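Okay, structure first, notes after.
This structure is a prediction, so every number in the text was calculated from the model and none was measured.
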Amino acid sequence: MGGRAIATRIGSIAGGRQLAIGAAGLSIVAIVFWVAFELTLSAAVRDAEEQAQRRLALFDRTLEAIIERYHYLPVAISQARETRLVLENPDSTAAIEAANGFLSQINETAGASEIFLMDSTGAVVAASNWWTLTSLVGTNYSFRPYFADAMVRGRAEYYAFGMSTRVPGLFLSQRVEGPDGPLGVAVIKINLGEIEANWWRSGELIGIVDLNDVVILSTRPDWRYRPLETIPLTEFQAISRQQRYGENGVENRGIMTDRWHSRGAGFALLAGTDPETSGYFVLQELRLPKYGWRILSFSPLTPLYGSAVTMATAAALACAAILLIIILFEQRRRLVAQRLADHNQLELRVAERTEDLHTTNEQLRAEIAERVRAEKAESDAREHLIQAAKMASLGQALAGVAHEISQPVAALATHLASAWLLDQRRGGSEMGPVLLAMEKVVERLATLTGHLKTFARKQTREPMQADIGTVIANALELTDHRLRQVGIDIEYRRPRPPIHVGANPVHLEQVLINLIANAADAMQDTPARILSIGVSQNAGHAEIAIADTGIGIAPAEIPNLFDPFFTTKPAGQGLGLGLAISFGLVRDSGGTITVRSRPGQGSTFTISLSLAHTVAARASA
């Protein structure tokens with residue numbers, strides 16, 4: 001008996017747990033149904049509102065387009081000669097006939113409902129329908145607001161039911177000005193039945209209400225001249241006195257029985273006999289402040305509720321299915337746990353093996369990268385050896401050239417000295433300056449060959465000074481023929497007082513000659529050829545900037561510009577040694593040479609050297 005009681009108790013506990021789980025599951029399903037219903041319904045209402053807003057905007061533009069077609073007519077008619085004649089001479093039969101014919105002709109083209117003229121008392125003196133049974137001629141409409149407002153403000157717009165034609169329309173009026181005051185009012189009536197027909201074909205439930213909340217245009221004929229909500233008796237009597245809605249006036253039976261705001265949207269309850277105009281609707285309105293109207297759109301709420309219930313039911317069923325799946329997975333959890341443990345052990349072994357493979361791959365990548373670096377270093381060394389061999393061969397050739405040239409240079413100097421003495425003995429002539437210039441050139445050539453002879457020998461550096469102004473003047477003098485040949489203008493001002501730098505003047509002169517010659521080559525095909533040389537000093541250093549207006553240097557070529565045998569000139573026009581030698585000469589003087597360039601905008605080479613007194617101070621220190 002005791003065992004049965006324990007089993008019964010355990011069974012009751014298990015049954016209680018199952019009931020609790022079932023109740024919790026039902027609660028979750030109900031909550032999911034409610035949340036999905038609310039979210040779906042709110043989204044559907046927002047979508048219906050957005051669609052209604054777009055439709056209302058389209059209807060507004062259509063209405064505005066129809067009205068705008070006739071806006072110019074009242075003004076044009078008020079300024080016409082026939083209009084002024086008939087208003088100034090209301091008793092003239094000829095003037096009346098001319099005005100009637102003029103208005104009829106205008107209306108045949110414009111297609112308005114009626115066009116008529118009113119004198120200052122409100123009586124119609126001419127109309128476009130003067131020949132019909134419903135002619136407006138002789139009728140007095142002084143009680144109409146479109147007459148009184150136009151006489152006061154100049155123009156007016158008013159929607160009303162036609163007293164004579166029994167056709168509603170929008171009246172546009174314009175005051176006719178006279179020399180002594182207003183002569184009358186020109187009025188055009190627009191029949192908006194066209195837009196009503198277009199709205200009806202769209203299948204929408206649309207209505208336009210005026211300032212009195214009375215529907216004046218609608219896709220439902222039974223809504224016309226009914227208020228949105230029942231109007232109180234005192235207001236209804238005042239509206240009836242306006243005679244705005246025809247002989248029958250307003251049917252004081254509200255279209256809506258209730259209206260409220262929820263979920264960020266407006267709703268309305270319509271109590272009509274027709275199923276299409278009864279029930280709950282989403283209400284959207286668009287104000288037309290220009291006319292004092294509002295366009296209302298009614299979207300049925302029943303389809304939105306139906307779609308929301310469908311989506312909520314689907315979500316609830318999906319939630320129930322998910323809960324059942326969770327329960328099934330929970331039941332199988334213990335069986336899968338062991339398999340997961342085995343799987344994790346296998347994954348651990350795979351991860352360890354993958355880590356070993358990853359380490360091996362990294363070692364292989366490192367070896368490959370080291371091999372690539374070694375091959376690149378070998379290639380670079382080979383290139384450097386080739387360049388060094390070229391430079392060595394060039395040095396040997398230059399040494400031989402210097403040795404061979406030294407004797408003809410000495411002989412040339414001797415002949416120049418003899419020519420100078422002969423010229424002096426003969427009392428001097430015009431050859432003197434020429435011989436003097438040739439002597440300077442020969443001296444410079446002798447100096448250069450002397451440097452070439454001593455270049456290969458190990459020398460002790462002796463401090464030397466160079467006057468920047470003198471060096472630049474010599475360089476310009478030696479390159480003057482080339483500059484004149486290219487047609488280059490020079491911008492240069494010799495520094496005052498002189499600036500001395502610690503450098504070999506011959507070396508510095510050679511560097512400047514090279515840079516000036518390169519600038520001349522760069523500018524020979526450009527329209528503007530200007531060579532600018534600037535000298536400045538700052539913080540113990542002097543800078544020489546040589547700028548040209550040539551073709552410039554590509555950014556990719558600047559890093560290799562000072563390498564031996566690198567040149568941007570066409571084949572046969574340069575060896576690529578000028579800038580390399582200049583770089584070495586400036587570096588041996590303890591200075592630097594840099595370049596700035598943009599393609600098509602020229603280049604600027606800047607030489608920076610220490611001032612002579614700075615070099616002397618360092619030497620003494």
Side-chain angles (χ1 to χ4, degrees), residues 1-54 260-269 275 279-284 299-366 368:
M1 292 295 292
R4 290 182 179 179
I6 293 173
T8 303
R9 187 172 181 181
I10 292 174
S12 63
I13 293 173
R17 287 182 178 178
Q18 292 178 356
L19 288 175
I21 293 172
L26 290 176
S27 300
I28 293 173
V29 171
I31 292 172
V32 169
F33 178 87
W34 179 76
V35 171
F37 175 80
E38 287 294 326
L39 292 177
T40 306
L41 182 59
S42 298
V45 169
R46 286 195 302 270
D47 184 62
E49 264 199 322
E50 292 175 358
Q51 293 182 7
Q53 189 67 30
R54 288 193 293 269
W260 68 96
H261 196 270
S262 177
R263 291 185 175 88
F267 296 88
L269 175 60
Y280 295 94
F281 292 82
V282 179
L283 176 60
Q284 182 69 24
S299 302
L301 192 60
T302 302
L304 305 184
Y305 269 105
S307 62
V309 169
T310 302
M311 292 298 296
T313 303
L317 292 176
C319 178
I322 291 173
L323 291 176
L324 291 176
I325 292 172
I326 291 174
I327 292 172
L328 291 176
F329 271 103
E330 179 63 24
Q331 291 178 352
R332 296 187 60 187
R333 182 180 61 83
R334 293 184 179 181
L335 296 176
V336 176
Q338 184 63 37
R339 295 180 181 178
L340 289 176
D342 297 340
H343 180 69
N344 291 336
Q345 186 67 25
L346 179 61
E347 283 188 347
L348 180 61
R349 294 176 182 174
V350 171
E352 292 176 353
R353 181 59 180 169
T354 303
E355 183 66 24
D356 294 340
L357 291 175
H358 180 71
T359 303
T360 304
N361 288 336
E362 289 296 329
Q363 292 176 354
L364 289 175
R365 290 193 188 97
I368 292 171

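The two atoms that bring Phe33 and Ala316 nearest to each other are CB-CB, 4.0 Å, heavy atoms only. The minimum heavy-atom distance linking Val32 with Cys319 is given by the pair CG2-SG, 3.6 Å. For the residue pair Ala312 and Ala36, the shortest heavy atom distance occurs at CA-CB, 3.8 Å. Smallest separation of non-hydrogen atoms from Phe37 and Val309: CE1-CG2, 3.7 Å.
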Does the pair Arg365 and Glu362 meet the rule for a side chain to side chain contact (heavy atoms under 4.5 Å, CB included), with working shown? CA-CA 5 Å; Arg365 290 193 188 97; Glu362 289 296 329; 3.0 Å; yes
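Arg332 meets the salt bridge (charged side-chain N to carboxylate O under 4.0 Å, His left out) test with no other residue; sequence neighbours excluded. For Arg353, the side-chain contact (heavy atoms from CB on, under 4.5 Å) partners at least two apart in sequence or on another chain are Leu357. Residues that satisfy the side-chain contact (heavy atoms from CB on, under 4.5 Å) test with Arg54, not counting sequence neighbours, are Glu50, Gln51.
Glu355 CD to Thr360 OG1: the interatomic distance, rounded to the nearest 0.5 Å, is 10.0 Å. The distance from the CD atom of Glu352 to the CD atom of Glu347 is 12.5 Å, given to the nearest 0.5 Å. Within the model, atoms CG of Asn361 and CD1 of Ile368 stand 9.5 Å from one another, a figure rounded to the nearest 0.5 Å. The CG atom of Asn344 sits 6.5 Å away from the CG atom of Leu340 when rounded to the nearest 0.5 Å.
By the neighbour-count criterion of 12 heavy atoms within 6.0 Å, atom OH of Tyr280 is sparsely surrounded, having that number or fewer from other residues, nucleotides or ligands.
Looking only at side-chain heavy atoms (C-beta outward), Phe267 and Val282 come within less than 4.5 Å of each other. Side chains of Phe329 and Ile325 form a contact here, defined as non-hydrogen atoms less than 4.5 Å apart.
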